[in-house]
Amino acid sequence: MSKGIFITATGTDVGKTYVTALIIKKLIECGVKAGYYKAALSGAEERDGVLVPGDAEYVKTVSGINQSLNKMVSYVYKNAVSPHLAANIEGNPVELEKIKDDYKSLQNEYDYITVEGSGGIVCPIRVDDKEQIMLEDIVKLLNLSVLIVADGGLGTINSVMQTCEYIKSKGIPIKGIILNNFDKTSIMHRDNKSMIKSLTGVSVIAEVEHGCKDINIDTDRLMSVYDEIEL
Ligand SMILES: Nc1ncnc2c1ncn2[C@@H]1O[C@H](COP(=O)(O)OP(=O)(O)O)[C@@H](O)[C@H]1O
Ligand SMILES: [Mg+2]
């Protein structure tokens, strides 16, 4: 039976891909059959007429994952805007059935699937005259819990609290927080960690320093955040 976790963040460019790559690298090093999935990616680079999903390519390079790029991402858009807007410009709007089918087929191949979100937790995926799909609809469709990647520095208490409140309001379980670009020599970063813990009641399961090449977390602890998923 395959297990999964959804990686979100307090915003775009906070480090979801960076942290996801380190997580998958660690799992693979421990002999785990680890897979990656992202439902919708925007801002893809066009190379020889083909849109290349940058996040998947980065994860593949860092983690050494043996998964083809086209199985890592279901929808790839060129415009670097929210998926709903990219689809309104380019066409090819997200269909939840395809996401479910693509994820199910990964479940046949991988035991631990790390799913990267798009943007922060409030992200419109499809908004047109037929349907409105928000990112949380994908989290719920796949029956996943989330890990939140947040910056270690100034302003993070506010963005973590808002992210947690939104996720809780949607009835989605939060398994932990990972502080990225964490500087353990900074009194503010250390205080952010303890304030986040006490204000949210959610554990900070790892701190990732700037330029870090390996995530410092016990493998059993890491594997324990993945839920067994039946779709
Ligand atoms: N801990 C880190 N050390 C060095 N660079 C980082 C770190 N975290 C993120 N970055 C860089 O910051 C940028 C945004 O990170 P990324 O993981 O792509 O964000 P997201 O996936 O949340 O949009 C990327 O260029 C990435 O390489
Ligand atoms: Mg990313």
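The structure presented is a predicted model; accordingly, all values stated were derived computationally and were not measured. Counting starts at 1 for both ligands and their atoms, in listed order.
- Of the polar atoms of D13, at least one N or O is found under 3.5 Å from an N or O of ligand 1, judged by distance alone.
- Between the side chain of S82 and the backbone N or O of L85 there is no donor-acceptor pair closer than 3.5 Å.
- Taking a cut-off of under 4.0 Å to the non-hydrogen atoms of G15, the atoms of ligand 1 that pass are 15 (O), 16 (P), 17 (O), 19 (O), 20 (P), 22 (O).
- Scanning the protein heavy atoms around atom 11 (C) of ligand 1, the nearest turns out to be Y18 CD1, 4.5 Å.
- At least one donor-acceptor pair closer than 3.5 Å links the side chain of T163 to the backbone N or O of S159.
- By the definition of a contact as any protein heavy atom under 4.0 Å away, atom 13 (C) of ligand 1 is not in contact.
- Side-chain contact check for L179 versus K193: some heavy-atom pair is nearer than 4.5 Å.
- Counted within 6.0 Å of NZ on K175, heavy atoms from surrounding residues, nucleotides or ligands total more than 12; the atom is thus considered enclosed.
- One of the N, O or S atoms belonging to T17 lies under 2.8 Å away from the Mg ion (ligand 2).
- Between E116 and D55 the shortest side-chain heavy-atom distance falls below 4.5 Å.
- Looking only at side-chain heavy atoms (C-beta outward), I174 and K168 come within less than 4.5 Å of each other.
- Within a 6.0 Å radius of CD in E230, no more than 12 heavy atoms belonging to other residues, nucleotides or ligands are found.
- Taking a cut-off of under 4.0 Å to the non-hydrogen atoms of E209, the atoms of ligand 1 that pass are 1 (N).
- Vertex the Mg ion (ligand 2), arms ending at OD2 of D55 and OE2 of E116: the angle is 80° after rounding to 10 degrees.
- Only the backbone of V14 comes within contact range of ligand 1, with a heavy atom under 4.0 Å; no side-chain atom does.
- Residue E116 approaches ligand 1 through these ligand atoms, each under 4.0 Å from one of its heavy atoms: 21 (O).
- Comparing heavy-atom distances from atom 1 (N) of ligand 1 across N180, L22, I215 singles out N180 as nearest.
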task = Give the C-alpha distance, both sets of side-chain angles, the deciding distance and a yes or no for salt bridge (Lys or Arg N to Asp or Glu O under 4.0 Å) between E95 and R126.
result = CA-CA 9 Å; E95 303 278 356; R126 172 175 178 172; 3.5 Å; yes
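- Of the candidates C212, A9, G211, G11, it is G211 that places a heavy atom closest to atom 3 (N) of ligand 1.
- The protein does not reach atom 24 (C) of ligand 1 closely, with no heavy atom under 4.0 angstrom from it.
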